[in-house]
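In what follows, a structure is listed as structure tokens, so that the remarks can point back to it.
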Amino acid sequence: MELMISITLVGAIATGMLMAMRGGLLSLDRTQRRLEENRRALGIQRILALQLGGAMPVRSGCGGGQMRPFAFRGTVGALQMVSTYSMAEGARGSPHIVEYQVAPDENGTVKLIVYERLYTGQASTAGFCSESIALQGSAQPIVAAARLAYCRIFYRQMDPDTQFRAGAWVSGWSQPDLPAAVRIEMLPAAPDAARLPVVAVTASLHTNRSYQDLPYEDQ
């Protein structure tokens, strides 16, 4: 009788210990997944800022008298440009043609998709010469953000008289010059207080935005 009681107590203690270990491992797994999601959210926002800030004022090669000397244009739902930073190779790789697209997602939400392909000179910028933006895409698209209530892209106008300050944000860009900055506004469809929220990304374009020949001091 005493032996049976002892075996029962040992079994109960072992079961309690196993259940506690299982609960701890499940909590650790959930915590690890949440940390990975937060790190990914921060990484995506950093990559978008670096990619936008790395926009290059490369010639588009558009002929026929078209006033689009730079390979850069965008709307509120799409953006095409050439950047020194790519998600695949970072800042040390070759320049890439980058395309952002706001596409429908599940349950009426939207998502931000990033397409990248290698920039090989003016011959690879033929897609910038059409009247409307026609995204060419890439073999391996990257979903930068999903399940968003909205995602909008805005462009900062420049004012040379005030040293590029006091410009307005516009929802489309087809000007011959580059904008002073680009802003991507995003809002999650179902905010979660336990996770890092998706926030807007704003990046200045650190380039000489004038396509005219500039005077130099030694001239």
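Atom set for the values below is all heavy atoms of this structure, side chains included, hydrogens, waters and symmetry mates excluded.
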Side chain to side chain contact (heavy atoms under 4.5 Å, CB included) partner of Phe72, the single match among Val82, Val58, Leu79:
Leu79

Rounded to the nearest 0.5 Å, the CZ atom of Arg73 sits from the CE atom of Met81 at a distance of 14.5 Å

Does Gln51 form a side-chain hydrogen bond (donor to acceptor under 3.5 Å, both in side chains) with Tyr100? I'd like the steps, not just the answer.
CA-CA 11 Å; Gln51 201 165 56; Tyr100 294 164; 2.6 Å; yes

Taking all atoms of both residues into account, what is the closest heavy-atom pair of Leu148 and Ala145, and its distance?
CD1-CB, 3.8 Å

Do side-chain atoms of Tyr85 reach the backbone of Gly53 as a donor and acceptor pair under 3.5 angstrom?
no

Using every non-hydrogen atom in the two residues, find where Leu112 and Val102 come nearest and quote the distance to one decimal.
CD1-CG2, 4.3 Å

Would you say that Ile44 contacts Arg46 through its side chain, given a criterion of any heavy-atom pair below 4.5 Å between the two side chains?
no

Are any non-hydrogen side-chain atoms of Leu205 and Pro179 less than 4.5 angstrom apart?
yes

When you measure from the centre of the six-membered ring of Tyr119, is the NZ or CZ of Arg117 closer than 6.0 Å and no more than 45° off the axis?
no

Do Leu52 and Ile184 come within less than 4.5 Å of each other through their side chains, counting heavy atoms only?
yes

Kindly work out whether a path of hydrophobic side-chain contacts (I/L/V/M/F/W/Y, heavy atoms less than 4.5 Å apart) joins Val76 to Val201.
no

Per side chain to side chain donor-acceptor pair (under 3.5 Å), Tyr115 is matched among Gln101, Gln80, Gln140, His96 by Gln101

Evaluate the side-chain proximity of Leu118 to Ile97: yes if any heavy-atom separation is below 4.5 Å, no if none is.
no

Restricting to non-hydrogen atoms, name the atom on Ala49 and the atom on Ala203 that form the minimum distance, rounded to 0.1 Å.
O-CB, 3.6 Å

Give a yes-or-no answer on whether the side chains of Tyr150 and Glu185 include a donor-acceptor pair shorter than 3.5 Å.
no

Are any of the side-chain heavy atoms of Met87 and Leu48 separated by less than 4.5 Å?
yes

Side chain to side chain contact (heavy atoms under 4.5 Å, CB included) between Trp173 and Gln157: does it pass, once the steps are laid out?
CA-CA 9 Å; Trp173 193 264; Gln157 291 177 328; 3.8 Å; yes

To the nearest 0.5 Å, atom OG of Ser86 lies from atom CD of Glu116 at 5.0 Å

Looking only at non-hydrogen atoms, find the nearest pair between Asp105 and Arg147 and report the distance.
OD2-N, 2.9 Å

What are the two closest non-hydrogen atoms of Val98 and Ser83, and how far apart are they?
CG2-CB, 4.0 Å

Between Cys151 and Met186, the two heavy atoms sitting closest are SG-CG, 3.7 Å

